[in-house]
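Count residues from 1 along the sequence.
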Amino acid sequence: MAEKVMEMTRQHAIIFFDGVCNLCNGFVQFVIERDPEGYFQFASLQSEAAQPYLKKFQLDENALSSVVLVENGKCYTQSSAALRILKKLSGGWPLLFAGILIPRFLRDGLYNFIARNRYRWFGKQESCWLPTPALKQRFLS
């Protein structure tokens, strides 16, 4: 099963997110609305589908404080993941990829500040968000 899921990443990129975080769930919905081609697939970091990737890229529980993007066999976290995701969206969002020119320690510093406070500012769900039946095909299980 893990090989089948990993094979799919050649055609799609996968966004792994904290499934109980309201900010993260909002970001996933934001991406879905701006990804009409269905380039991105999704899975919560807490899911079984995420485990082979977390192991392959040697990410631990600390990954829960970051969005993780797997694209073209590479793994991106924190601000690099967020900027690469924005680069693929419709509308003016790809312009924000210019932020990649900002030194990573500054980008990730801001990212980590938001990540540390996300539950306090945006709240937390008791369980992972479940996609609607229409969106279910874009989520790994």
Side-chain angles (χ1 to χ4, degrees), residues 1-132 134-141:
M1 175 71 157
E3 289 117 20
K4 180 181 176 188
V5 171
M6 288 189 175
E7 180 66 28
M8 292 170 57
T9 61
R10 296 179 205 268
Q11 301 162 356
H12 299 279
I14 302 174
I15 297 172
F16 295 101
F17 62 99
D18 180 354
V20 297
C21 168
N22 287 336
L23 174 63
C24 304
N25 287 316
F27 181 68
V28 167
Q29 293 174 31
F30 172 86
V31 170
I32 288 169
E33 291 172 12
R34 290 155 185 83
D35 179 28
E37 303 297 318
Y39 177 70
F40 293 108
Q41 293 185 317
F42 307 90
S44 75
L45 285 160
Q46 296 92 337
S47 71
E48 287 185 36
Q51 300 316 304
Y53 293 93
L54 296 176
K55 185 176 180 180
K56 177 180 179 180
F57 294 109
Q58 300 175 347
L59 299 171
D60 59 17
E61 297 82 38
N62 294 330
L64 288 177
S65 66
S66 178
V67 64
V68 176
L69 173 67
V70 175
E71 184 177 39
N72 298 323
K74 295 182 182 170
C75 180
Y76 303 95
T77 60
Q78 299 175 309
S79 64
S80 296
L83 290 170
R84 288 182 171 280
I85 292 166
L86 293 173
K87 181 180 177 182
K88 296 285 188 177
L89 300 182
S90 63
W93 298 104
L95 296 173
L96 293 177
F97 187 70
I100 204 81
L101 298 173
I102 297 169
R104 185 175 179 152
F105 77 94
L106 292 174
R107 290 185 281 123
D108 284 350
L110 176 60
Y111 184 98
N112 290 332
F113 175 74
I114 294 168
R116 276 191 309 273
N117 293 289
R118 70 188 188 279
Y119 294 146
R120 186 170 6 140
W121 295 342
F122 300 97
K124 181 176 168 177
Q125 298 177 20
E126 292 300 316
S127 61
C128 291
W129 175 72
L130 296 174
T132 64
L135 293 176
K136 196 159 182 92
Q137 68 187 13
R138 294 193 57 190
F139 285 78
L140 305 178
S141 55

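The shortest heavy-atom contact between Gly19 and Asn25 is O-ND2, 3.2 Å. Nearest approach of Val67 to Tyr111, heavy atoms of both residues: N-OH, 2.7 Å. Between Ser66 and Leu45, the closest heavy-atom pair is O-CD1, 3.4 Å. The shortest non-hydrogen separation linking Tyr119 to Cys21 is CE2-CB, 3.8 Å.
Gln51 contributes a side-chain N or O that, together with a main-chain N or O of Ser47, makes up a donor-acceptor pair within less than 3.5 Å. Using modelled atom types, no side-chain atom of Gln41 and backbone atom of His12 make a donor-acceptor pair closer than 3.5 Å.
Leu23 has its side chain within reach of Ile114: a pair of non-hydrogen atoms, C-beta onward, lies under 4.5 Å apart. Under the 4.5 Å side-chain criterion, counting only non-hydrogen atoms from C-beta, Ile85 is not in contact with Tyr39. The shortest distance between side-chain heavy atoms of Ile32 and Phe42 falls below 4.5 Å. Side chains of Tyr76 and Leu83 form no contact here, defined as non-hydrogen atoms less than 4.5 Å apart.
Residue Lys88 holds its NZ atom at 11.5 Å from CD1 of Ile15, rounded to the nearest 0.5 Å.
The salt bridge (charged side-chain N to carboxylate O under 4.0 Å, His left out) contacts involving residues 111-121 comprise Asp18-Arg118, where partners must be two or more places apart or lie in separate chains. Applying the salt bridge (charged side-chain N to carboxylate O under 4.0 Å, His left out) test to every pair with at least one member in residues 31-44, sequence neighbours left out, gives these pairs: Asp35-Arg138. For residues 90-109, every residue pair satisfying the side chain to side chain donor-acceptor pair (under 3.5 Å) rule, not counting sequence neighbours, is listed here: Ser79-Arg107, Ser79-Asp108, Ser80-Arg107, Arg104-Asp108.
Residues Phe17 and Phe27 place their aromatic rings such that the two centres sit no closer than 6.0 Å.
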### Task
List the steps, then state whether side chain to side chain contact (heavy atoms under 4.5 Å, CB included) holds for Leu89 with Phe97.
CA-CA 11 Å; Leu89 300 182; Phe97 187 70; over 6 Å; no
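When each of Val31, Leu96, Leu95 is tested with Leu86 by the rule side chain to side chain contact (heavy atoms under 4.5 Å, CB included), just one qualifies, namely Leu96.
Phe57 and Tyr53 have parallel rings, their planes meeting at less than 30° on a 0 to 90° scale where 60° marks the start of perpendicular.
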